[in-house]
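Order of appearance sets the numbers: ligands from 1, and atoms from 1 within every ligand.
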Amino acid sequence: MTGIPPRPRFRHRIRFPAADPHSLAQDEAHFSLVEDGKEVSIRFHDYGAIYERPGLYEQLFYDRLKCQSPEKVVDILRYTMETGRENFSELRVLEFGAGNGMVGEELARHGVARIVGLDILEEAKMATDRDRPGIYDEYYVRELGMPGTEPRPELYEWRFNCLITVAALGFGDIPPSAFREAFNYVEDGGWIAFNIKETFLDNRDTSGFSVFIKNLILTEYLDIHHLERYQHRLSIDGRPLYYFGLAGRKNANIPESFGS
Ligand SMILES: C[S@@+](CC[C@H](N)C(=O)[O-])C[C@H]1O[C@@H](n2cnc3c(N)ncnc32)[C@H](O)[C@@H]1O
């Protein structure tokens, strides 16, 4: 049997701005799409508009900008666990900032016990249901880390022993308070894996997320097992963007008083 050949993905007509991309921060950069003869401008961080268009996220970040982070961060976690003779297949993973399911797909490819996605955007869940149905055991649309909100019982019920977050920390995406809440849903001794832009570990960076991460790495809540610098993707003008991928073990909950 030859099977059904994969359906070719619809190709979007993407145009990157020609003029001075250096003048824009990574979260302000934009691109144009030609749709029905009209040019539409979309910010790279307008994920809702990107997820609404099937295949656009993959074409933009993975085909064009060569993003390798889902594969890389999952590999770092697997390698770290194998080195410690731990069983990857027993992970019950909370994937925070799950988007349209690229990391979930990678985790499923290697086989874990449970994958639960969580994102702030309804469009992310809709795109996952549309493009990668069945990858997640559950997918929640939630905003974590809001002042005055109680922890959510439905998240504790999964007894997560892993939190993974890829390409979603800082830059106006996941703030420290939300990451703290997600971290605290993981059992003590559980695995934590994420990536961050390399400058977040630089002392000259005093932005909220950078300070939070540096404090987290230096304190007792997380033990670092692996830290690796790698090429996350290309910028729109073709320069490599380097990130750190990190895997470690949670020791204890991060208290609300923890400085950010
Ligand atoms: C660049 S995408 C990464 C998606 C996926 N992790 C990947 O690697 O393909 C960033 C995702 O983080 C989500 N996000 C941003 N802020 C968030 C928040 N406060 N809580 C949950 N998700 C958030 C966005 O909606 C978006 O889906």
Side-chain angles (χ1 to χ4, degrees), residues 25-31 42-77 93-109 115-132 135-136 138-147 149 152 155 162-185 192-197 207-209 212 230-236 241 243-246 260:
Q26 198 172 324
D27 55 349
E28 288 167 358
H30 61 272
F31 62 97
I42 301 179
R43 275 194 323 121
F44 276 88
H45 275 226
D46 189 353
Y47 297 116
I50 297 175
Y51 294 144
E52 275 171 0
R53 297 165 163 87
L56 179 57
Y57 185 82
E58 289 82 349
Q59 191 179 331
L60 199 57
F61 289 103
Y62 293 89
D63 299 350
R64 195 93 182 242
L65 298 178
K66 310 287 176 229
C67 179
Q68 39 188 335
S69 285
E71 198 182 336
K72 186 70 193 176
V73 178
V74 171
D75 274 356
I76 286 175
L77 178 61
V93 184
L94 171 60
E95 193 207 335
F96 189 32
N100 64 351
M102 306 277 299
V103 177
E105 188 169 78
E106 199 59 26
L107 289 166
R109 196 160 72 81
I115 317 175
V116 172
L118 193 149
D119 202 284
I120 200 169
L121 288 181
E122 189 62 51
E123 293 93 329
K125 178 176 165 46
M126 280 164 48
T128 304
D129 291 343
R130 179 191 66 211
D131 301 335
R132 294 180 178 81
I135 287 282
Y136 293 92
E138 185 62 80
Y139 194 115
Y140 296 106
V141 177
R142 298 278 189 280
E143 180 163 8
L144 303 187
M146 296 300 286
T149 52
R152 294 148 203 263
L155 291 173
C162 181
L163 170 70
I164 189 163
T165 296
V166 176
L169 298 178
F171 292 120
D173 283 338
I174 293 172
S177 59
F179 183 75
R180 187 179 60 77
E181 183 176 343
F183 184 97
N184 290 352
Y185 288 124
I192 309 291
F194 58 85
N195 68 345
I196 40 167
K197 194 172 184 186
S207 66
F209 210 91
F212 175 82
Y230 70 96
Q231 186 178 312
H232 160 61
R233 66 169 171 86
L234 300 173
S235 67
I236 52 175
L241 295 175
Y243 273 47
F244 282 109
L246 181 153
S260 57

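- Within the 4.0 Å heavy-atom criterion, neither part of Glu143 lies near ligand 1.
- Judged by the shortest distance from any of its heavy atoms, Ala178 lies outside the 4.0 Å radius around the atoms of ligand 1.
- Across the listed options Gly99, Gly97, Ser69, Gly97 owns the non-hydrogen atom lying nearest to atom 6 (N) of ligand 1.
- Using a 4.0 Å cutoff on heavy atoms, Glu123 does not count as a contact of ligand 1.
- The distance from atom CZ of Arg53 to atom CD1 of Ile42, rounded to the nearest 0.5 Å, is 4.0 Å.
- Expressed to the nearest 0.5 Å, how far CD of Glu71 lies from OH of Tyr62 amounts to 10.0 Å.
- Donor-acceptor pairing under 3.5 Å is lacking for the side chains of Tyr51 and Thr128.
- If you number the atoms of ligand 1 from 1 as listed, the ones under 4.0 Å from a heavy atom of Tyr51 come out as 2 (S), 4 (C), 26 (C), 27 (O).
- Using cut-offs of 30° and 60° for the angle between ring planes, the Phe179 and Phe183 rings count as tilted.
- The shortest separation from a heavy atom of Tyr57 to ligand 1 is under 4.0 Å, placing the residue in contact.
- By the 4.0 Å N-to-carboxylate-O rule, Lys125 lies too far from Glu122 to be salt-bridged with it.
- Relative orientation of the Tyr47 and Phe61 rings is tilted, given thresholds of 30° and 60° on the angle between their planes.
- If you look at Val103 next to ligand 1, the close heavy atoms, those under 4.0 Å, all belong to the side chain.
- Geometrically, ligand 1 and Tyr62 share a nitrogen or oxygen pair separated by less than 3.5 Å.
- Atoms CZ and CZ, on Arg64 and Phe31 in that order, are 10.0 Å from each other to the nearest 0.5 Å.
- Looking at Arg142 next to ligand 1, no N or O pair under 3.5 Å apart turns up.
- We find that Glu58 and Arg132 are joined by a salt bridge, their nearest charged nitrogen and carboxylate oxygen being less than 4.0 Å apart.
- Considering backbone and side-chain atoms alike, Ala167 places every N or O at 3.5 Å or more from each N or O of ligand 1.
- Between Met102 and ligand 1, a contact under 3.5 Å exists for no N or O pair.
- Close approach of ligand 1 to Leu121 (heavy-atom distance below 4.0 Å) involves ligand atoms 25 (O).
- Not a single heavy atom of Cys67 sits less than 4.0 Å from an atom of ligand 1.
- For atom 8 (O) of ligand 1, the choice among Ile174, Val166, Asn195 with the nearest heavy atom turns out to be Val166.
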